[in-house]
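See below for the structure under consideration.
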Amino acid sequence: MSSEERKNAESGRPTDFIRDVVAEDMRTGKWGGRVLTRFPPEPNGYMHIGHAKAFGLNFGVAEDFGGRCHLRFDDTDPTKEEAQYVEAIQEDIRWMGFDWGEHLYFASDYFQQMYEYAVQLIRQGKAYVDDQTAEEIRQTRGTLTRPGRDSPYRGRGVEENLDLFRRMKEGEFGDGSRVLRAKIDMAHPNLNMRDPVMYRILHAHHYRQGDTWCMYPMYDWAHGLEDSIEGVTHSLCSLEFENHRPLYDWFLDQLGVHHPQQIEFARFNLTHTVMSKRFLRPLVEQDYVRGWDDPRMPTLRGMRRRGYTPEAIREFLKRVGVAKFISTVDIALLEHCLRQDLNKRCPRVMAVLRPLRVVIDNYPEDKVEQMEAVNNPEDAGMGTRQVPFSRVLYIEQEDFREEPPKKFYRLAPGREVRLRYAYFVTCVDVVKDERTGEVVELHCTYDPATRGGDAPDGRKVKSTLHWVSAAHALEAEVRLYDHLFTKEDPADVPEGEDWKANLNPNSLEVLPSCRVEPSLAGAAAGSRYQFERLGYFCVDPDSTAGRLVFNRTLSLRDSWARIELAQKQNR
RNA sequence: UGGGGAAUAGUGUAACGGUAGCACAACUGACUCUGGAUCAGUUAGUCCAGGUUCGAAUCCUGGUUCCCCAGCCA
């Protein structure tokens, strides 16, 4: 996307308040015309669409202003981080279309320099080793309304602090026995400024540093330094770090090093889904979904498997915008962006999800005709294909009603409809299961003059049905997905009740014996199609050579479903 | 009850003292070999109360509501 497109069409200004700031900095030459942003994930989980907003912003701002964006793993807690996430996160960001080139960094690579900065702070009398327990530190921190109390170790001399800190590093002390704290103000109204912990002793194996370190820097101490070391100009982060900014400012100013400008923006929520790890993790661990890449998950892996395109997600993020208000975006907007993209790019194909056998009584038994079908009416360049037609077909069960309600235009006894790209057919008989009364087969007659789908006498039909030839169709499994939660806000539960009660029991429906047209044979995992009149589907990696498995990415807009719903509600 | 933030149609977002606009959603209608797509239209908004100003979503004062902060997580 060019920077011109990034501008507000009406005002000609950048599209959000952060780009406003950056544009102004470029105008005044504040950073010498440089723009350097970064995306700093902790490698302890998978990326979801909320993260995509954050990295899309960072990479996007850099791109718009001819700058650069670093990917830096914030790996300062060895008890939570794993190498597998480093790979997975890169894969997801790359899939979304962003590129950090050579600029892949790790906070853990800066541990030695951070140590030296800490020594400097101690020398300046601005940090001290505290022997209190975690509990004691908590007790003396004070509360939101009451000031904290100074630690009895706060007055230690520089030499003693230096010695103790060195010995912390050497591994002389046990986990939790001592910490290094900044010496700021135990009565500060901002709790983050009440002598925050800078280092904790942790005899843990780091996935990259091994056992080199037995004490690790805290996020608040490390993060600002990481940005400073890399020369970041605009440090974009979410709203909850607003409270921490004064602390980063304090550290950087005490050290007298490069001082990026931090700008905070709001995260967003999506209706009918959850995005925080706190909610997502139990869904996976307690088997409410099939894993982090379950197509119902808002993780990028899940969305990828579901059939989402990165382009659709980026368009969605662009429309969501960037502001300081924590919004709840209607998932319908995401779906709209997806449909818009899929409509343009997906080849059309015919598939029957719930097959109803149809015999064309006056069509010769052994005859097979190839019907020419358009691959994509939105794009003539995608060409046409041949679809076999024969005497026995399948149509969708819901496309036939023995007693059609008002405004139901599809097939019914005595009614004529069009079979897409084939013939006009009229229903002449209905075969039912004697015991259940269920309709099991239809008999129709066809009009040979309507081959291709048009009647030479100009007569019209009210609807067009999709179909497959029974003898030629492939059997396939189709997985239908719906919103993960029935409520817009999944966390909205009565006092004391579990939010999982809002889980949609019908978020997954597996249809084991669908029939798809033969052109789909051998379709590659990940390939996307529109099943005409039904929706967008993609081939799941669970597919095998002999059996295709499809995920329904998204249904088509369905105005009959709306009418039917309204009819039910009026009754 | 301390500190830091935020409030514009149902939802999201624009306006930078000068006609409150756009998108999604909803609803009409047109068109259609996908009840898809497309096109046209309708409904609907500045948190509240004062003030400054010829003129306020925007500036000022006071209030209301919501979010974040008391990890040796990030």
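Just so it is clear, the structure is predicted and the values come from calculations on it, not from any experiment. The chains referred to below are lettered A, B, ... by the order of the sequence lines, with proteins before strands, and numbering in each begins at 1.
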Next on the checklist: Nearest to the A/Ile137 side chain among B/C72, B/A70, B/A6, which nucleotide is it?
Outcome noted: B/C72
Next on the checklist: Of the options B/C27, B/G2, B/C69, whose atoms approach the side-chain atoms of A/Arg562 most closely?
Outcome noted: B/C27
Checklist entry - So what does A/Arg418 hit on the nucleic acid, given a heavy-atom distance under 4.0 Å: a base, only sugar-phosphate, or nothing? => result base
Checklist entry - Can you tell me if the side-chain N/O atoms of A/Arg146 get under 4.0 Å from OP1 or OP2 in B/A70? => result no
Checklist entry - When you compare B/A23 with B/U38, how far apart are their P atoms, in angstrom units rounded to a whole number? => result 13 Å
Checklist entry - In whole angstrom, what separates A/Glu264's CD from B/G3's C1'? => result 15 Å
Next on the checklist: Expressed as a whole number of angstroms, how long is the span from A/Gln139:CD to B/G71:P?
Outcome noted: 10 Å
Next on the checklist: Let's test your reading of the model: under 3.5 Å, does the base of B/C73 pair with the side chain of A/Asp77 as donor and acceptor?
Outcome noted: no
Item to check | Euclidean distance for P, B/C22 against B/G45 (whole angstrom) | outcome: 15 Å
Item to check | P-based separation of B/A26 from B/G36 [nearest Å] | outcome: 12 Å
Checklist entry - Is A/Arg245 side chain donor-acceptor paired with the B/G4 base, going by distance under 3.5 Å alone? => result no
Item to check | Minimum-distance nucleotide (side-chain atoms of A/Ile563 versus B/U11, B/G35, B/C73) | outcome: B/G35
Checklist entry - Expressed as a whole number of Å, how far does the P atom of B/A44 sit from that of B/A20? => result 16 Å
Checklist entry - Taking atom P of B/U34 as reference, at what distance in whole Å does atom CD1 of A/Ile395 sit? => result 17 Å
Checklist entry - Base, sugar-phosphate, or nothing for A/Glu532, non-hydrogen atoms under 4.0 angstrom? => result base
Next on the checklist: Roughly how many Å apart are B/A9 and B/C48, using the P atom of each and rounding to a whole number?
Outcome noted: 10 Å
Checklist entry - Picking from B/G2, B/C68, B/C69, which would you name as closest to the side chain of A/Thr145? => result B/G2
Item to check | Pi-cation contact, A/Phe268 with A/Lys53 (under 6.0 Å, within 45°) | outcome: no
Checklist entry - How would you label the contact of A/Asp20 with the nucleic acid (heavy atoms, under 4.0 Å): base, sugar-phosphate, or nothing? => result base
Next on the checklist: Students often get this wrong, so: under 4.0 angstrom with heavy atoms, is A/Lys462 touching a base, only sugar-phosphate, or nothing?
Outcome noted: nothing
Item to check | Selected nucleotide, minimal atom distance to A/Arg420 side chain, candidates B/U34, B/A23, B/G2 | outcome: B/U34
Next on the checklist: Regarding B/U34, can its base be found pairing with the side chain of A/Arg348 as donor and acceptor, where the two atoms are less than 3.5 Å apart?
Outcome noted: yes
Next on the checklist: I want to verify a distance call: between B/G12, B/G36, B/C72, whose nearest atom is closest to the A/Ser327 side chain?
Outcome noted: B/G12
Checklist outcome for this item: Whole-Å distance, A/Tyr216 OH to B/C72 C1', equals 14 Å
Checklist entry - Would you write out the dot-bracket form of RNA chain B, 5' to 3', with Watson-Crick and G-U pairs under 3.5 Å, [ ] for crossing pairs, | for pairs to other strands and . for unpaired bases? => result .((((((..((((....[..)))).(((((.......)))))....(((((..]....))))))))))).....
Checklist entry - Can you find a heavy atom in the side chain of A/Tyr421 that is under 4.5 Å from one in the side chain of A/Glu372? => result no
Item to check | Along RNA chain B (nearest heavy atom to each residue), the more 5'-positioned of A/Arg339 and A/Thr76 | outcome: A/Arg339
Checklist entry - Would you find more than 12 non-hydrogen atoms of other residues, nucleotides or ligands less than 6.0 Å from A/Arg149 atom CZ? => result no
Checklist entry - Side chains of A/Arg19 and A/Val61: closer than 4.5 Å at any heavy-atom pair? => result yes
Item to check | P atoms of B/G50 and B/G41, separation to the nearest Å | outcome: 38 Å
Next on the checklist: Any N or O donor-acceptor pair under 3.5 Å from the base of B/G36 to the side chain of A/Glu378?
Outcome noted: yes
Next on the checklist: Within the 4.0 Å heavy-atom criterion, would you say A/Asp454 contacts the bases, only the backbone, or no part of the nucleic acid?
Outcome noted: base
Checklist entry - Where the side chain of A/His244 is concerned, which of B/A74, B/G71, B/C24 is the nearest nucleotide? => result B/A74
Checklist entry - Should A/Arg167 and A/Glu170 be marked as a salt bridge (charged side-chain N to carboxylate O under 4.0 Å, His left out) after you check the CA-CA gap, both sets of side-chain angles, and the distance that decides it? => result CA-CA 5 Å; A/Arg167 290 161 62 195; A/Glu170 302 300 316; over 6 Å; no
Checklist entry - What do you reckon, is NZ of A/Lys462 surrounded by more than 12 foreign heavy atoms closer than 6.0 Å? => result no
Next on the checklist: Does A/Thr328 reach a base, just sugar-phosphate, or nothing at all? Heavy atoms under 4.0 Å.
Outcome noted: sugar-phosphate
Next on the checklist: Over all strands shown, is A/Val179 touching base, sugar-phosphate only, or nothing at heavy-atom distances under 4.0 angstrom?
Outcome noted: base
Checklist entry - In terms of the nearest nucleotide of RNA chain B, which residue is placed more toward the 5' end: A/Gln530 or A/Ile326? => result A/Gln530
Item to check | Any side-chain donor near an acceptor of the partner, A/Glu230 and A/Tyr110, under 3.5 Å | outcome: yes
Next on the checklist: If the glycosidic angle sits within 90 degrees of zero it is syn, else anti. Tell me which applies to B/G5.
Outcome noted: anti
Checklist entry - Reckon A/Phe268 touches a base, only the sugar-phosphate, or nothing at all at heavy-atom distances under 4.0 Å? => result nothing
Checklist entry - Do A/Arg401 and A/Glu564 meet the salt-bridge criterion of a basic N to acidic O distance under 4.0 Å? => result yes
Checklist entry - Across the strands shown, which category fits A/Ala222 at heavy-atom distances under 4.0 angstrom: base, sugar-phosphate, nothing? => result nothing
Item to check | Rounded C1' spacing from B/G10 to B/G5 in Å | outcome: 25 Å
Checklist entry - What does A/Glu226 touch in the nucleic acid at a heavy-atom separation under 4.0 angstrom: a base, only the sugar-phosphate, or nothing? => result nothing
Checklist outcome for this item: Partner of A/Tyr115 under ring pair (Phe, Tyr, Trp, His ring centres under 6.0 Å), picked from A/Phe165, A/Trp221, A/Tyr199, is A/Phe165
Checklist entry - Among B/G71, B/U34, B/G5, which is the nearest nucleotide to the side chain of A/Pro377? => result B/U34
Checklist entry - Rounded to whole angstroms, how far apart are CG on A/Leu333 and P on B/C22? => result 17 Å
Checklist entry - Between A/Tyr216 and A/Gln209, is any side-chain donor less than 3.5 angstrom from a side-chain acceptor? => result no
Next on the checklist: Is it the case that atom NZ in A/Lys407 sees more than 12 heavy atoms from other parts of the structure closer than 6.0 Å?
Outcome noted: no
Checklist entry - Is there a side-chain polar atom (N or O) of A/His336 under 4.0 Å from OP1 or OP2 of B/C24? => result yes
Checklist entry - Does a side chain donor of either A/Glu264 or A/His244 reach within less than 3.5 Å of an acceptor in the other side chain? => result no
Item to check | Centroid under 5.5 Å and tilt under 30°, A/Tyr409 to B/G35 | outcome: yes
Item to check | Nearest-Å distance once atom P is located in both B/G71 and B/U52 | outcome: 48 Å
Checklist entry - NA contact type, A/Phe408, heavy-atom cut-off 4.0 Å: base, sugar-phosphate, or nothing? => result base
Next on the checklist: Among B/A25, B/G35, B/G5, which nucleotide has an atom closest to any side-chain atom of A/Leu239?
Outcome noted: B/G5
Checklist outcome for this item: Between CG of A/Asn190 and C1' of B/G4 the distance, given in whole Å, is 7 Å
Next on the checklist: If I take atom NZ in residue A/Lys324 and atom P in nucleotide B/A6, what distance separates them, rounded to the nearest angstrom?
Outcome noted: 5 Å
Checklist entry - Is any side-chain N or O of A/Arg141 closer than 4.0 Å to OP1 or OP2 of B/C72? => result yes
Checklist entry - Atom CZ of A/Phe241 and atom C1' of B/C67: how far apart are they, to the nearest Å? => result 15 Å
